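Only a predicted model underlies this, so the values are computations on that prediction, with no experimental measurement involved. Protein chains get the first letters and strands the later ones, always in sequence-line order, with residue 1 at the start of each.
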Amino acid sequence: MAFLELTNISKVFGQTPAVQDFNLQVEKGEFVSFLGPSGCGKTTTLRMIAGFELPTTGTVVVNGNDVTNKPPQKRNTGMVFQAYALFPNMNVAENIGFGLKIARKPKDEIKKRVEEVLAIIKMESFGNRYPYQLSGGQQQRVALARALAIQPQVLLLDEPLSALDAKIRVSLRQEIRAIQQKLGITTVYVTHDQEEALSLSDRVVVMNNSKIEQVGTPFEIYNFPKTEFTAQFVGTLNSIPATVRHAANGELTVDSQTLVTAQKLAGIADGEAVMISIRPERISFASEGRKPNVLNIKVENITFLGSIVRVQVRAGEHLFLMDTFNNPFLKLPEVGDKVEITFSKEAVLVLRHASQI
Amino acid sequence: MAFLELTNISKVFGQTPAVQDFNLQVEKGEFVSFLGPSGCGKTTTLRMIAGFELPTTGTVVVNGNDVTNKPPQKRNTGMVFQAYALFPNMNVAENIGFGLKIARKPKDEIKKRVEEVLAIIKMESFGNRYPYQLSGGQQQRVALARALAIQPQVLLLDEPLSALDAKIRVSLRQEIRAIQQKLGITTVYVTHDQEEALSLSDRVVVMNNSKIEQVGTPFEIYNFPKTEFTAQFVGTLNSIPATVRHAANGELTVDSQTLVTAQKLAGIADGEAVMISIRPERISFASEGRKPNVLNIKVENITFLGSIVRVQVRAGEHLFLMDTFNNPFLKLPEVGDKVEITFSKEAVLVLRHASQI
Amino acid sequence: MKRIPLFPWILIFLGFLYFFLPLIGTLDFSLRLVKDQITLEAYKNVVTSARFQNTFTYSFIMALWTIVAATLLVTPTVYWVHLKLPHLRPIVEFITLLTYVVPAIILVFGLIRIYSRPPLSLLESEIGSDFLLVMGYVSLALPAMYRSVDAGLRAIDVRTLTEAAQSLGAGWRTILLDVIFPNLRVALLSGAFVTFAMVIGEFTIATFLARPAFGPYMANLGQTRPYESTALTIISLALTWACIGMMQLLGRGAQGQIAGTR
Amino acid sequence: MKRIPLFPWILIFLGFLYFFLPLIGTLDFSLRLVKDQITLEAYKNVVTSARFQNTFTYSFIMALWTIVAATLLVTPTVYWVHLKLPHLRPIVEFITLLTYVVPAIILVFGLIRIYSRPPLSLLESEIGSDFLLVMGYVSLALPAMYRSVDAGLRAIDVRTLTEAAQSLGAGWRTILLDVIFPNLRVALLSGAFVTFAMVIGEFTIATFLARPAFGPYMANLGQTRPYESTALTIISLALTWACIGMMQLLGRGAQGQIAGTR
């Protein structure tokens, strides 16, 4: 039996379904992210685990106990909010000790525990500061420490990094992951940022329109999306119309040039129109080494993004993107040049209908 | 003579210098970005071009005319704000026609021009809508159209994309660049987002602490930063302590392994301690092909970011990062593995002092 | 959440009682001029009396002048403070608060003390007294007007709108008339309604300046003709509530409009 | 910007004149009890008079009761509205606005009409009358109290703080006492000061309920002893301003504290 079990959860606000048919099992110590656009139901689901919302149907079981109808203060979950939510009238140590004080722990035990958690977030000397004296990143670390201090069964984080600057976001993200792994605490993390979900999680739950689209490891989600939505929402994807030339050995034509896919095309007739998907980073210039597929294209546009150079290319009437690492000493083709690009058989995913990959 | 000339500009608020020694020449039709952290003076400089602030010293010359002391309403600059700043009491067409109405253009000319600009932003059918009926992205496109309607000499954009979602940010960014190139309008763009500045601009002005750090093309700024600040602020950079082994032929040691740099080490003595900088994307696994430098390292951590897999490696006591494109069919080393990494001579930049690259 | 503590609901209920019991009692009383009968006689008596008509008209006109004066005083000042002197906002707010807490009685003594002596001697003429009355009312109206205009200006990001208009070539007159005022329409109307409601019933200043206003008339009636005075109370309340209702309606419309601009 | 239009400055200057000319005149007058001499005699007369001391003490105590009642009525209600019924905020705001525009004269008639008759007959006892007076003052204090508490609650993101406390195991009592009230201290004090300033000078309700309060005393003095009454006006104003000054100081401190939590 899993540590955290969400079974047949649904939530309706008025007439509007916010969450439908939500089933998930989270193992002890696992880090699971809910990823999706705003309004997809990810935060509502998290709030049902915390007890701030009651599910319309379904049960929440933590460590074998059904907590579905328990009030939030009886659940022993640690919660970190986007808005930090530190108590402005208490200093850092008092904030962190708040939950322990409520649990009527002895004073010296509270003091010891506060020092422990302050050490975990590397803010040992900040105990006497007040929230308004801290930067956003520091406040969020204190909020994390406050949630950890009560040794919660489950740690819940609701877009904790959205309010922070890009550079701090990346460093705090790494810190959260390191602390979570060190303490082995079961964690549910809500975000709309795909890079955050992919880089942090053991498993990612992709949600859309109040439903789960796919559950899997970051690697599975990114490389083997099961639905059109997942494929489009996570990362950048080229979708190019193609025609099946010889289904038996995976041959297709794009712009009357022949490609081969590693995918089994069982059930697709020769001559049928399909869509193929290729991630931009799987394509490279043929001058750097040839892979099974080579396509003649025209360079339409080159955008320099820093570490990556994004090239828009045209094959016949189809425009698509390829990414290549920036290398100042390697000459790139110029806009208007006609060159060859190449990619492996495995990079070509064939979709028969718009809704299936 | 350049189209827009900023000469010896400085601005002091009270005792605090906001901009110092700012000199820049922008050619007609050029797209220049001011890039820097908040408080670096980039917005103040833009506001001096628009006329909302008067420089403490220095001159602003547009198309040969000194406008330094002209009020903003006499400068004919188009301005786009982060907060859209559409007039809530006017519909889209009235907003766009506002500047023309003030210039007392005939009604039918205004109507024609409004339709032209609406076509440019592809919102032909939105003329009768009010701002509150539009999404953020649409509002910002109308704000852009309003600024373009008066055919300004210079188009000024102050973080126009900061208030928008990630996906819309990227698509509107491409649209702004396309419109700017089509109309050939001289443009100054303020941003704190390095990818935005790099991908949009002909030239980037990197600012820090009220001063210009470096002016150059995105390629120059990223690949050949002239100051420590530029190197650190734009992109990710590994800084690793090393020792010069043989300055004459560019040999260095890191963790008692030998590296070679393409850089001239004139004036550095053998045995001197230096710092070397390598961008994470310039490093690859030696199993995929060897380059002049090969280093034995231990894999410390692997983070899956989607299109990129970021690997933290350790050479002796030095930790640094390498980036590699995600390929689901290529086996990566695992955490703890000891493997070889490789990079070119050109990828190794040697810094003698902390302040010099 | 199904766990709702009882306490706040009890408070809300008590507040309701506290407000509406007196009201229902008053309403009931006003309908009982004729014994053992529910009648509108008292209302008829009030509305047809010449003094009612005269004092109401007088107060109505004074209210209009107050609104005009307060609008002209407050709007450009607050706009300017928002635009150029945002650090002075606490001071301006302080000044408008003064008049909220300075008792009307003190205000009226101050006014009489200064303006009834040479060189001004305003109290010697009707128009002078009316002027003084309006000035007193403007003081009372300042907090409401200020808050309305301030909230209105805060909702539209004055500074950026002004700069946007400037960069499109607009001068100050155009900016005020075409950009700022149209977006303040709702805020100004709402301020005007509150001012109107307040002036119509004001008692202290009108009494001490000896003006033929509606407030003193009501007080006078209350001491002599209980039923008519109660009817008047109800009429006055209905009027006041109509004003506030209008204001809230306008406010809601404006919120919808403005929410979208964010 | 060096281009500053003259108009707003003229307005600010006029406003200044309008406020401070009467004040200076009043101050000057109050110092001239003895002919051709500047003297504090009038102030001495006022402060040492028994009626001054009695009425001031009475109003002071009434003010304290008003503050306590208004705080207990407003704080939990507004907290609850913020937390669970944010859509009811316009209605609650509407109710508090009512008392801002319902003239005191109407309020007092309504109170007398209901509570002076059986079964309540409050006006027959001293305590009953005092109770009625405090209730009237609470109505007058509602807008100020509501605005203070509302602003205070908005500054601290009540809902998230409440949820954070809940997830740490806190019940409702702990949340109110340890999290909400301490963060409202400044807002409550500022509301209390405004209320205090207002009650101390209130005239209409106290007069019609025939209570021995400070406002009627001032009015009475004004008609009989001009110099002493003017001195009283100055004292009262100084007191009021001290209250508002305190409030602003507290407000500024709170802003600094709260700005950091964003």
Side-chain angles (χ1 to χ4, degrees), chain A residues 43 46-47 49-53 70-90 94-105 129-136 138-140 142-158 163, chain D residues 71 75 78-80 82-88 148-191 249-262:
Chain A
T43 295
L46 191 82
R47 290 172 60 80
I49 304 174
F52 300 132
E53 308 283 353
K70 270 197 186 169
Q73 56 267 38
K74 301 250 166 80
R75 292 200 182 193
N76 194 28
T77 52
M79 181 96 185
V80 178
F81 300 85
Q82 181 180 339
Y84 320 144
L86 296 183
F87 306 125
N89 54 315
M90 304 179 198
E94 287 164 348
N95 261 287
I96 296 176
F98 184 78
L100 303 167
K101 206 177 120 202
I102 286 169
R104 296 175 195 281
K105 302 276 184 211
R129 300 274 191 101
Y130 279 84
Y132 71 93
Q133 299 170 309
L134 304 178
S135 71
Q138 289 171 331
Q139 287 191 56
Q140 198 57 299
V142 174
L144 179 65
R146 184 178 64 178
L148 292 173
I150 57 169
Q151 298 183 295
Q153 295 197 290
V154 186
L155 178 64
L156 306 174
L157 302 105
D158 186 7
Chain D
T71 305
T75 316
V78 180
Y79 169 63
W80 197 249
H82 265 262
L83 192 63
K84 294 290 169 186
L85 314 162
H87 52 284
L88 287 190
S148 288
V149 174
D150 187 62
L153 285 178
R154 244 183 300 170
I156 56 168
D157 190 355
V158 189
R159 198 173 146 193
T160 316
L161 284 188
T162 302
E163 289 182 352
Q166 281 183 312
S167 77
L168 293 167
W172 288 112
R173 224 178 54 91
T174 316
I175 294 174
L176 264 175
L177 295 183
D178 288 1
V179 177
I180 301 301
F181 260 109
N183 288 305
L184 280 185
R185 223 183 43 230
V186 170
L188 287 173
L189 274 176
S190 110
L249 265 182
L250 287 170
R252 203 142 329 151
Q255 267 173 21
Q257 215 182 77
I258 281 158
T261 69
R262 291 291 167 100

Counting C-beta onward and ignoring hydrogens, is there a side-chain heavy-atom pair between D/Leu161 and A/Pro88 closer than 4.5 Å?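 They are in side-chain contact.
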Least distance between heavy atoms, [X] atom then [Y] atom:
X        : Y        : result
A/Phe81  : D/Glu163 : CE2-OE1, 3.6 Å
D/Ala170 : A/Ile102 : CB-CD1, 3.3 Å
A/Met90  : D/Val179 : CE-CG2, 4.4 Å
D/Asp157 : A/Ala83  : OD2-CB, 3.9 Å

Chi angles and distances behind the side-chain contact (heavy atoms from CB on, under 4.5 Å) call for A/Gln73, D/Thr174: CA-CA 11 Å; A/Gln73 56 267 38; D/Thr174 316; over 6 Å; no
Does any N or O in the side chain of A/Asn89 come within less than 3.5 Å of the main-chain N or O of D/Phe181, such that one atom is a donor and the other an acceptor?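 Not a single qualifying donor-acceptor pair exists.
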Per-residue contact mode, A/Phe87 against chain D (heavy atom under 4.5 angstrom):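 Backbone plus side chain of A/Phe87, per the 4.5 Å heavy-atom cut-off to chain D.
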Structural part of A/Arg146 lying under 4.5 Å from a heavy atom of chain D: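 Contact with chain D is through both the backbone and side chain of A/Arg146.
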Name the region of D/Thr160, side chain, backbone, both or neither, that has any atom closer than 4.5 Å to a heavy atom of chain A.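 Both backbone and side chain of D/Thr160 come within 4.5 Å of chain A.
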Rounded to the nearest 0.5 Å, how far apart are CG of D/Leu168 and CG of A/Asn76?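 Taking CG in D/Leu168 and CG in A/Asn76, the distance rounds to 10.0 Å.
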